[in-house]
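Throughout, protein chains are lettered first and strands after them, A, B, ... in sequence-line order, and every chain is numbered starting at 1.
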2 protein chains.
Amino acid sequence: MDSINIKKLAEALNLSTSTISRAFRDNSDINGATKARILAKAKELNYQPNHYASNLREQKSKTIAVIVPELANNYFSQAIHGIERVARENGYHILIYVTDDDYKKEVTFIRHLHNGRADGIVMSVSGEANDHNYLNKFGSKRLPLVFFDRIYEDIDTPRVITNDYNSSFLATEHLIEQGCSRIAYLVVNKSLSIGKTRMQGYLDALAKHQIPFEENLIVDCSNSYEENSIIIKQALTQLKPDGVFTSVERLAFATYYACYDLNINIPKDLKVISFSSLEIAPLLNPSLTTITQPATEIGEEAAKLLFTILDDHADKNLPNEVVLESKIIKRNSTING
Amino acid sequence: MDSINIKKLAEALNLSTSTISRAFRDNSDINGATKARILAKAKELNYQPNHYASNLREQKSKTIAVIVPELANNYFSQAIHGIERVARENGYHILIYVTDDDYKKEVTFIRHLHNGRADGIVMSVSGEANDHNYLNKFGSKRLPLVFFDRIYEDIDTPRVITNDYNSSFLATEHLIEQGCSRIAYLVVNKSLSIGKTRMQGYLDALAKHQIPFEENLIVDCSNSYEENSIIIKQALTQLKPDGVFTSVERLAFATYYACYDLNINIPKDLKVISFSSLEIAPLLNPSLTTITQPATEIGEEAAKLLFTILDDHADKNLPNEVVLESKIIKRNSTING
DNA sequence: TTGTAAGCGTTATCAA
DNA sequence: TTGATAACGCTTACAA
C-alpha cells in the first residue's frame, strides 16, 4: 500500500477526489486556499496524477512520435533536437523510432502508434520505394502526420521541406563554374522524392550549361558502408568524373575515403559538394563545400505545424507545405587552392 | 461512432470482451479457431487494444525514458540508437528528453516521469554540479534508473561506463611519448565525476613520467561555443602547451578552430587527442587521434541492464557496474608527419 | 465551492 | 473454453 493516488490524497485531506482533480487542472472553479492546501499535500506525498488514467479519460496522450530513418546523422539529430524543444514548450513528450531505412519497420511503427499511444506523428520517411498507400488506409482515423525533409509525394499531409531543387541546381552550377564538366551525382534512392527533386536540379543545371547528361554518372548507392565504398571507387576509376555532387552527407564521407585510398586529390582532381548539416565541415581535409539545411529549424517547424493541427482552437488555415532555405557554403573541396 | 474498441469488436463477433482480450494476450486459454477469427476481424476493423487502458490496468507502460545532456553529439546519438534497438526488441518504446546540460530540466524530467509515464529511466547526467540527492528522495518508489557514461557517484544505481581512468592515462602517456611535456587538459565540468576520473588518469600519467603538474594547464571550459573559443585561444597563447587532451569531442573541435585562427600547426606545434565517437575522425585536417568509446554498445548495455531490472522473472544478481573498453586510435593529430 | 457517480477501454477473477 | 463483473486512477456532468 505504498503507492499514492488521488483517492488516498483525498482521504488524507478530507476532500473528494473531484476537488483534488480540480486542483490539478486550471479551468475548474476551486477555492484558492483549498487548492494551495492540496498542492502542498500532493508535494509532500509525492503525488502526481497518473498519466495513463488521465489520458484514458481524456482520450489524448500529450505525446507525439518522431520517426526517422537514422539517428547517427547530424541532420536528424539536430532536427529531433528542434522537435523536442518545441514539444516540451507545448507540454508534449516525444517518442523516438528509428527505421534504419527499413520500410517494414516504418509500417509497423505507424500501425502500432494508432493504439492511442501518440496524438500525432512527425516523420521523415524511409529510403525504400514501396507502396506507401498504407498511410491512406487509415482513412479519417489516421493520426495527424507531418512529414519533414523526406516525404512521400503521393500522401496528402502537411510537410516541411527545403528548397532542394534550387539548392541542387546551384550546387551543380557551382561545380560547373569551378570547371567541372563530368559531374557525378551520388544518390541513395533515386526513386525517393528527395532523390528525384535533388536530381532534377542537377539535370537542369547541366542542361542550362549545355553539358550532355550521361546516365551512368548517376550513381545509385546503398545503405551499406562497405557496398558504397566499392560502388564509389568503381565509379571514380571507371567514369573519371571531375566533380561529385552527393545527395546525403555520408556519401560525401565515403567519397573522401575513396579518394584517400585511390590517391585522388580533392579538389585538384575531383571537386566535391554535398548536402550536409555537419557542423565541423570546415575541419575536414579538405574542408567540405556543403548545402546546409536548417536542420533544427526544420524540426521546429514540423513540430509547430503538428501542434497547430492538434490544437482544437487553432485557425485551421494551415499551409500544407512549409519551405525553408538551405545555404550553399563554399569551402576548399570545390575551390582550387 | 467511428472509433473501434474492444466492446464493438465483441459485438461484431458475438463474443464477450474477455474473449477478445484473451486473443490478444498469449497466456490465457482460448480456442485456436476463435482466436484466429478474432484476430482476422480485428485486422479488418483496424482494432488494436488501447495502450492507455491496458497500461492503466496493468500498471506498466512498456516505455522507458532516455535522458541525455545533448543530442547533436555523435556519442549520444549512437548511444540512443543502441538503446532504441534493444528497447524495440523487448517490446518497449523510448521517450527522449534533452537537458541541454541544465540541471533544473533534469530534475523536472525525472520528477514528471514518476507519474507512470515510463517504467524506467536510462540517463547520462547533466554537466552541472549540484545537489542531486533529489534522486534519493523518491525512496523505494523511485523508478528503476540506469546511468550511462556520465554518472553521479553518490547515487546508488546501476551504471554502464567505460574505463575512463585507464584511457586517460594512456592518452596522456601517448602524448608524452610523442614528446609533449606541457600538456593541457580541457574539461567542461571538473567536478562532474567523468571529468574527475578522466583528469586523474591525466595526473597519474604525468606523475609517472615525472612531469610536474601545473594547475593552470587544467582548462575549465563552458557549454558556450563562443566562450570556449575565447578560453581556448587564451590558453593556447598564454600557456603555450605542446599537447592538448580534451575530455569531450567538441573541445577538440574548438581547439582545431583556435589553431586554424592562431596559425598553430597540429601536430607540429601542438598535439591533440580527444575522447570522441566521431566516425569521420580520419577525415579531419589533420586526422584526429581519439579515445573512441563503444557508444552504441554502451547504450545497448544500459538498456539491457534496465530490462533485467524490469523483468520480474530475471535473476536479480545484477552487476551494479558494467565497464566497457574504449580504444585509443592514433592518427595524425598526435604524430609528427 | 465541493461532492457524487458514471465511464474512459482494458484485464483478471471467478463462475458457468 | 467462454462470459459477467469489478477494478485500474482519473475527469466531468450534475447535484448539493
Rounded distance (Å) that lies between atom P of D:dC8 and atom CG of B:Asn115:
18 Å
Taking the side chain of B:Arg22 as its heavy atoms from C-beta onward, which of C:dG9, C:dT10, D:dT2 lies nearest to it?
D:dT2
Look at B:Asn5 and C:dG9 and indicate whether a side-chain polar atom (N or O) is within less than 4.0 Å of OP1 or OP2.
yes
Rounded to the Å, how far apart are A:Ile20 CD1 and C:dT4 C1'?
15 Å
Whole angstrom value for the distance that separates C1' of C:dT2 from CZ of A:Arg37
12 Å
Considering only side-chain heavy atoms of B:Arg25, which listed nucleotide, C:dA12, D:dT1, D:dC10, is closest?
C:dA12
Measure from the side chain of A:Ser21, starting at C-beta and using heavy atoms only, and say which of D:dT12, D:dT2, C:dT10 lies closest.
D:dT12
Judged by nearest nucleotide, the residue sitting upstream toward the 5' end of DNA chain D, B:Leu56 or B:Asn14, is B:Asn14
Checking A:Glu84 against A:Arg88 for the salt bridge (Lys or Arg N to Asp or Glu O under 4.0 Å) test, could you report, in this order, the C-alpha distance in whole Å, the side-chain angles of both residues, the deciding distance, and whether it holds?
CA-CA 6 Å; A:Glu84 200 262 354; A:Arg88 181 148 31 82; 2.8 Å; yes
Return the orientation label for the A:His132 and A:Tyr152 ring planes: parallel under 30°, perpendicular over 60°, tilted otherwise.
parallel
Of D:dA13, D:dC10, C:dG9, the nucleotide closest to the side chain of B:Ala53 is C:dG9
Compare side-chain N and O positions of B:Thr34 against OP1 and OP2 of D:dT1 and report whether any pair is under 4.0 Å apart.
no
Please report, rounded to the nearest Å, how far the P atom of C:dG9 is from the CD atom of B:Glu11.
13 Å
Take the protein atom CG of B:Leu13 and the nucleotide atom P of D:dG3, then report the distance between them rounded to whole Å.
10 Å
Under 6.0 Å between the ring centres of A:Tyr52 and B:His51?
yes
In terms of the nearest nucleotide of DNA chain D, which residue is placed more toward the 5' end: A:Tyr52 or B:Ser16?
B:Ser16
Decide yes or no for B:Ile110 and B:Phe138: does some side-chain heavy atom of the first lie under 4.5 Å from some side-chain heavy atom of the second?
yes
Nucleotide D:dT1, atom P - distance to CD1 of B:Ile38 in whole Å
13 Å
Identify which nucleotide among C:dG3, D:dA7, D:dT1 has an atom closest to any side-chain atom of B:Arg57, counting heavy atoms from C-beta outward.
D:dA7
Between B:Ser54 and C:dT10, does any side-chain N or O lie under 4.0 Å from OP1 or OP2?
no
Let's see if you can work this out: which of D:dG9, C:dG9, C:dG3 has an atom nearest to the side-chain heavy atoms of B:Ile6?
C:dG9
Under 6.0 Å between ring centres: does that hold for B:Phe24 and B:Tyr47?
yes
Any side-chain N or O of A:Gln59 below 4.0 angstrom from OP1/OP2 of C:dG9?
yes
Nearest whole Å is fine: how far is C:dT10 P from B:Phe24 CZ?
9 Å
Here the distance between atom P of C:dA12 and atom CG of B:Asn55, to the nearest Å, is 12 Å
Crowded around B:Lys60 NZ? As in, over 12 foreign heavy atoms under 6.0 Å?
no
Check every atom of D:dC10, D:dT2, D:dC8 against the side chain of B:Leu15 and return the nucleotide holding the closest atom.
D:dT2
Tell me whether the side-chain N or O atoms of B:Ser18 pair up with the base of D:dA4 as donor and acceptor below 3.5 Å, since no angle test is needed here.
yes
Choose from D:dC8, C:dT1, D:dT2 the nucleotide whose nearest atom is closest to any side-chain atom of B:Asn31.
D:dT2
